[in-house]
Structures are given as structure tokens and as C-alpha cells.
Amino acid sequence: MSWIPELDQNGPLHRQLFNALEHDITCGLLAPGTKLPPQRKLADHVGLALGTVTKTYNRALKAGLLESRVGSGTFVRGVQTESSGPINMAINIPPASAFEGEMDFLRDSAASASDWLTTGPGYSSLAGVKLHREMLSALLAERNLRVLPEQVFPTIGAQQAIHMAVAVASRPGDVVLLEAATFTGISAAVKSQGRIPYPVALDGEGLIPAALREAIDKTNSSCLVTIPTGQNPTGVTQGLKRRQDIVGIARQHDVSIIEDDISGFLPPERPTLLATLAPERVFYVDSLSKSLWPNLRCGFLVCPPAFAGALENQMQGQIWSPPTLTFEIALNAWKRGTLKRLGLRIKDELSARAGFVAENLDIPLPAHAVFNLWVPMPSSQAAAIVDTARAKGLELTPASAPLVPDPEGRLLVEGLRLCIGSPKNRSEFEAGIGILKNIMSGSDVTPVI
Ligand SMILES: Cc1ncc(COP(=O)(O)O)c(C=O)c1O
């Protein structure tokens with residue numbers, strides 16, 4: 001089977017199947033040119049009526065996601081425009097234009113790491129290489145998180161750190177509390193390990209403490225995952241009082257917190273970390289994917305001391321020996337000052353892009369640079385905008401991707417995410433916003449089926 005959809009259990013089945021298809025194509029799980037299973041085979045395999053699959057394939061053909069080749073079947077199309085391809089505002093990556101002027105330093109960082117191919121340790125110890133952990137410990141000290149190098153675990157991206165923290169902080173079958181709209185990778189880490197995601201409502205400052213208390217009372221959950229700074233997808237940042245309230249509730253109910261700080265470098269001043277407020281219960285997660293580049297897959301995890309043994313077991317089972325070559329490149333970039341300068345350039349570029357959005361779209365903007373802007377609106381309207389944008393050459397995040405429905409399928413937050421970092425340069429970005437402006441001014445939005 002070339003595709004096994006994961007349905008989100010939210011809304012009519014044909015919409016669930018369409019959402020899964022749209023998600024998997026946008027995230028690259030289904031590459032352009034992939035042949036989809038014949039409709040009857042897929043219907044039998046996932047236990048859906050043939051009509052449901054037919055309706056979904058037809059909608060996806062109409063939306064330009066698929067193409068039908070006579071006699072051969074149905075294939076993933078990918079979006080095509082008259083010019084150089086789609087404008088991508090569907091994923092969060094640093095704006096490539098921020099790298100101008102730093103490319104030579106980055107190349108040098110990578111070139112000097114090439115000796116590591118033969119001089120590196122082969123397999124490193126479970127904990128990685130001392131120099132790399134010392135760099136991570138120094139980076140964390142700049143954020144007022146004081147940990148010894150041996151308390152920081154290098155991982156393959158923040159994603160693996162989240163996955164392992166979930167594995168250690170909860171058990172299969174447990175409810176894990178998530179922000180009602182969150183990073184899809186967090187939902188995936190929870191669901192793929194047999195945990196049950198449960199949404200906590202958000203306001204303009206992120207997680208609502210009263211809603212968190214209510215969710216804990218209702219579910220008895222002992223694990224919360226939150227993105228306190230530059231939240232994905234809403235862009236909001238929790239203030240100090242909010243952070244203290246959240247930590248206070250977690251302490252009272254003995255809840256572990258997984259703090260995803262991947263956008264922590266974006267505010268002008270580093271906010272106080274949950275991990276600084278409650279080191280005994282917070283798993284701190286970060287990576288260099290947003291402040292340097294995602295290809296490096298340099299993530300890291302700080303774990304509360306009581307969980308260190310369980311984490312080491314996870315490391316052994318999942319990773320054996322942490323990546324070292326990419327950390328060596330990062331170490332060189334750090335020593336050359338590239339890491340710091342790039343972080344500033346990325347912030348400046350994101351702020352300039354947000355300024356352009358402010359001039360062109362009437363949507364709420366966070367107080368500091370963020371990777372993603374959030375436009376609250378009903379999901380059906382967001383889905384229609386995503387479909388129309390795709391047909392016009394602009395790829396947006398599928399409306400349902402970040403949402404965490406409650407057990408009755410209700411959504412506590414709905415909206416459209418705009419990833420402003422991913423267009424390669426300013427002119428591509430402005431063209432994308434232009435497409436969106438036309439759509440949002442109400443001209444032609446494809447009706448949702
Ligand atoms: C909030 C958040 N956390 C974690 C990740 C995963 O990061 P990494 O590339 O380091 O695995 C992302 C990637 O988009 C993200 O947006």
C-alpha cells in the first residue's frame with residue numbers, strides 16, 4: 001500500500017480522508033509522482049465506503065493535489081505555477097535570504113568539520129561528545145538555565161527530544177495535555193506512542209491556567225506539552241505571571257511539563273524558562289533548526305534529574321550514539337559567531353516580513369518576531385482559503401493540521417497558519433501575501449465540500 005492515511009476523527013469521513021491526504025502531501029510524506037492506491041483497495045484497507053474515497057479523490061483532483069493519468073491511475077501532483085514552482089508558506093523554516101553574508105562562514109564551519117569524518121569518535125558514548133555538550137550547556141546558560149554539560153542530551157532534532165520526553169514522562173494509554181492548537185510533530189509524538197492527546201484552551205497569552213486545572217481534574221493527566229514562546233501555530237508568548245501560574249498548577253498536581261523552546265531566541269529578551277522555574281519537573285527541548293538550519297538535525301534535551309535513568313534507557317533504545325558530525329559543524333558555527341549573527345538576521349527578516357503583512361492584511365500580529373502568524377477563523381473557511389491558495393500557487397498549512405480536537409471532536413481553537421519564514425526571498429514572500437490578500441478580500445474562495 002503506497003499510502004495508509006491517519007484519520008483525525010474529526011468531522012465527516014470524506015473530510016477526514018481529504019485532510020489526511022492534504023497533510024501528507026504538504027508535509028512531503030507523499031512526494032509528487034507517488035501513485036495512490038486504487039480507490040477500492042484503499043476503501044477496503046481502511047474500512048471506508050468506496051463513495052467516501054471517490055469523493056475525496058475527486059476533491060483532491062479538483063484542488064490540484066492529484067492528477068489522473070488514463071490507464072495508469074491517480075498520482076500526487078504537487079503544486080505547479082507558471083513560474084518557478086509554488087510559494088511555500090506551509091512550514092516553519094528560517095528565511096533563506098537571512099543567510100546572505102553568512103554563507104562563507106557556514107561553508108567554513110562545515111569544511112572544518114570534515115576532519116571529524118576520520119578523527120571523530122566513531123560511536124560516541126550514549127551522552128554524545130563532551131565538547132558538544134559544553135557548547136549546549138553554554139548556550140543554555142545564556143538563557144538562565146544553568147545545567148552541567150552532562151545534563152544535556154544531544155538528539156536528532158527537537159522532534160526526537162519531544163518523542164523521548166513523552167516516552168519518559170508518560171505511559172502508553174495515558175492522556176497527554178496539549179495546547180488546543182499545536183505543532184503537528186507534538187501530536188504525532190504523542191499519538192504514535194499510544195498516548196491520548198487532550199486539548200487545553202488558549203487565549204492571547206497561550207495556555208489558560210483555569211483550563212489547564214480543569215483538564216487535569218477531568219483527565220488525571222500527569223504530562224503537559226507546551227510551547228511558551230512564539231507558540232506554533234498561534235505565535236503567542238506566555239508572560240512571566242502566566243508561566244508562574246502554569247508551573248504552580250503543575251506542582252500542585254505533580255504534572256511533568258515538556259517545554260518546547262524552539263522559538264525562544266526570537267523575543268528581544270529571553271523570557272524566563274519554565275525549566276528555570278521548575279527544573280524538577282520540566283523537560284526542556286530546543287534545537288538549531290530555526291536559529292541555524294533544519295538539515296543539521298541538531299536537537300537537545302534537558303531532563304529533570306529524577307527521570308535521567310529512564311531517559312538514558314530511551315537514548316540507548318532509540319539512538320545508541322547521538323549525532324556528532326552535525327554537532328561539530330554547529331560547534332564551529334558557534335565559535336565563529338555565525339550562530340549568534342544568524343539568529344539576529346533571522347529575527348530582523350521575520351520582523352520585516354511581519355511589517356509587510358501589517359500593511360497588507362488586517363490580522364493580529366504578535367509583539368515580537370515569530371515564524372508563524374495566526375488568523376483566527378472557522379476551520380471550514382480556513383480550508384477553503386488553503387484550497388484556493390494552492391490553485392493559485394501558494395502552499396499553506398492544511399487547516400486541520402495543528403488542531404487538537406477534544407474527545408467529542410470539538411475544536412477549541414480554529415484558524416489559518418501563515419509561515420512567513422519559508423518563502424526564499426522578500427519578493428517571493430510579497431507575492432505570496434499578494435495572493436492571500438486577493439483571496440481574503442473575498443473574491444474567489446472555492447466552496448468547501
Ligand atoms: C514548535 C516546534 N517544535 C519542534 C519542531 C521540530 O524541530 P526539529 O527540526 O528540531 O526536529 C518544530 C518544527 O517545525 C516546531 O515548529
Side-chain angles (χ1 to χ4, degrees), residues 136-137 139-148 151-153 155 158-159 161-166 168-170 176-183 185-186 189-190 198-213 215-216 221-232 234-287 290-291 299-308 311 366-368 370:
L136 296 174
S137 163
L139 284 174
L140 292 171
E142 289 169 13
R143 307 166 190 181
N144 281 331
L145 185 59
R146 309 217 169 263
V147 288
L148 298 171
Q151 288 175 282
V152 195
F153 291 86
T155 60
Q159 183 61 41
I162 294 165
H163 190 276
M164 289 198 294
V166 168
V168 170
S170 65
V176 174
L177 304 175
L178 305 183
E179 286 152 330
T182 191
F183 165 51
I186 292 179
V190 168
Y198 189 93
V200 181
L202 307 172
D203 64 11
E205 224 189 312
L207 277 179
I208 303 172
L212 174 61
R213 198 186 293 279
I216 296 170
S221 172
S222 57
C223 181
L224 163 73
V225 190
T226 178
I227 311 166
T229 302
Q231 204 262 356
N232 180 356
T234 60
V236 302
T237 291
Q238 296 167 7
L240 179 58
K241 168 81 173 60
R242 181 63 64 99
R243 288 170 193 241
Q244 288 165 334
D245 289 348
I246 289 167
V247 160
I249 295 168
R251 273 211 176 103
Q252 209 179 349
H253 296 270
D254 198 16
V255 168
S256 300
I257 301 177
I258 300 169
E259 174 179 30
D260 178 342
D261 194 40
I262 204 158
S263 284
F265 71 103
L266 291 176
E269 302 288 330
R270 281 263 180 189
T272 304
L273 300 176
L274 302 178
T276 306
L277 294 173
E280 84 288 356
R281 65 187 56 254
V282 175
F283 292 76
Y284 178 85
V285 170
D286 193 4
S287 87
K290 311 294 168 185
S291 51
F300 45 105
L301 173 63
V302 178
C303 154
F307 292 92
L311 180 64
H368 58 76
V370 284

Chemist: Do you know the tightest heavy-atom contact between Ala278 and Val247?
Modeler: CB-CG1, 3.6 Å

Chemist: What distance separates Phe283 CZ from Ile257 CD1, expressed to the nearest 0.5 Å?
Modeler: 11.0 Å

Chemist: Check whether any side-chain N or O of Arg243 sits under 3.5 Å from a backbone N or O of Gln238 as a donor-acceptor pair, and report yes or no.
Modeler: yes

Chemist: Would Leu266 and Thr229 count as a side-chain contact (heavy atoms from CB on, under 4.5 Å) if you check the C-alpha gap in whole Å, the side-chain angles of each, and the deciding distance to 0.1 Å?
Modeler: CA-CA 8 Å; Leu266 291 176; Thr229 302; 5.8 Å; no

Chemist: Is the side chain of Thr155 donor-acceptor paired with the backbone N or O of Gly299 at a distance under 3.5 Å, no angle test?
Modeler: yes

Chemist: Apply side-chain contact (heavy atoms from CB on, under 4.5 Å) to the pair Asn232 and Thr182, showing each step before the final yes or no.
Modeler: CA-CA 6 Å; Asn232 180 356; Thr182 191; over 6 Å; no

Chemist: Pair Val147, Val152 - check side-chain contact (heavy atoms from CB on, under 4.5 Å), show working.
Modeler: CA-CA 7 Å; Val147 288; Val152 195; 3.8 Å; yes

Chemist: Considering all heavy atoms of both residues, which atom of Pro279 and which atom of Pro305 are nearest to each other, and what is their separation?
Modeler: O-CD, 4.0 Å

Chemist: Return the CD1 to CD1 distance between Ile227 and Ile162, rounded to the nearest 0.5 Å.
Modeler: 7.0 Å

Chemist: Report yes if some heavy atom in the side chain of Val370 is under 4.5 Å from a heavy atom in the side chain of His368; otherwise report no.
Modeler: yes

Chemist: Run the ring pair (Phe, Tyr, Trp, His ring centres under 6.0 Å) check on Phe300 and Phe153 step by step: do they pass?
Modeler: CA-CA 5 Å; Phe300 45 105; Phe153 291 86; over 10 Å; no

Chemist: Taking Arg281 for its side chain and Val255 for its backbone only, find out whether a donor-acceptor pair lies under 3.5 Å.
Modeler: yes

Chemist: Does a donor on one side chain sit under 3.5 Å from an acceptor on the other, for Thr237 and Gln231?
Modeler: no

Chemist: Any side-chain heavy atom of Ile208 within less than 4.5 Å of one from Val200?
Modeler: no

Chemist: What distance do Leu148 atom CG and Gln151 atom CD have between them, rounded to the nearest 0.5 Å?
Modeler: 4.5 Å

Chemist: Could you go step by step and tell me if Lys290 and Asp261 meet the salt bridge (Lys or Arg N to Asp or Glu O under 4.0 Å) rule?
Modeler: CA-CA 10 Å; Lys290 311 294 168 185; Asp261 194 40; over 6 Å; no

Chemist: If you define the side chain from C-beta out and look only at heavy atoms, does anything of Cys303 sit under 4.5 Å from Tyr284?
Modeler: no

Chemist: Please assess Thr226 against Asp260 for the test side-chain contact (heavy atoms from CB on, under 4.5 Å), listing each intermediate value before the final yes or no.
Modeler: CA-CA 6 Å; Thr226 178; Asp260 178 342; over 6 Å; no

Chemist: Any sub-3.5 Å donor-acceptor pair from Gln159's side-chain atoms to Gly185's backbone N or O?
Modeler: yes

Chemist: Between CD1 of Ile258 and NE2 of His163, what distance do you get to the nearest 0.5 Å?
Modeler: 11.0 Å

Chemist: Let me confirm one number: the CG-CG distance from Leu202 to Leu212, rounded to the nearest 0.5 Å.
Modeler: 11.0 Å

Chemist: Where the side chain of Thr276 meets the backbone of Asn144, is there a donor-acceptor pair that is under 3.5 Å apart?
Modeler: yes

Chemist: Donor-acceptor pair, distance only, cut-off 3.5 Å: does the side chain of Arg270 make one with the backbone of Glu142?
Modeler: no

Chemist: Do you know which two heavy atoms are closest between Phe307 and Ser256, and how far apart they sit?
Modeler: CZ-OG, 3.7 Å

Chemist: So which atom in Leu177 and which in Ile216 form the shortest heavy-atom distance, rounded to 0.1 Å?
Modeler: CD1-CG1, 3.7 Å

Chemist: Can you tell me how far CG of Leu240 sits from CG of Leu277, rounded to the nearest 0.5 angstrom?
Modeler: 6.5 Å

Chemist: Check whether any side-chain N or O of Glu205 sits under 3.5 Å from a backbone N or O of Gly239 as a donor-acceptor pair, and report yes or no.
Modeler: yes

Chemist: If we only count heavy atoms from C-beta on, is the Leu224 to Ile246 side-chain gap below 4.5 Å?
Modeler: yes

Chemist: Tell me the closest heavy-atom pair linking Pro271 and Gly264, and the distance in Å.
Modeler: CD-O, 4.3 Å

Chemist: Is the shortest side-chain heavy-atom distance between Glu259 and Val225 below 4.5 Å?
Modeler: no

Chemist: Is there a donor-acceptor pair closer than 3.5 Å between any side-chain N or O of Glu179 and the backbone N or O of Gly206?
Modeler: no

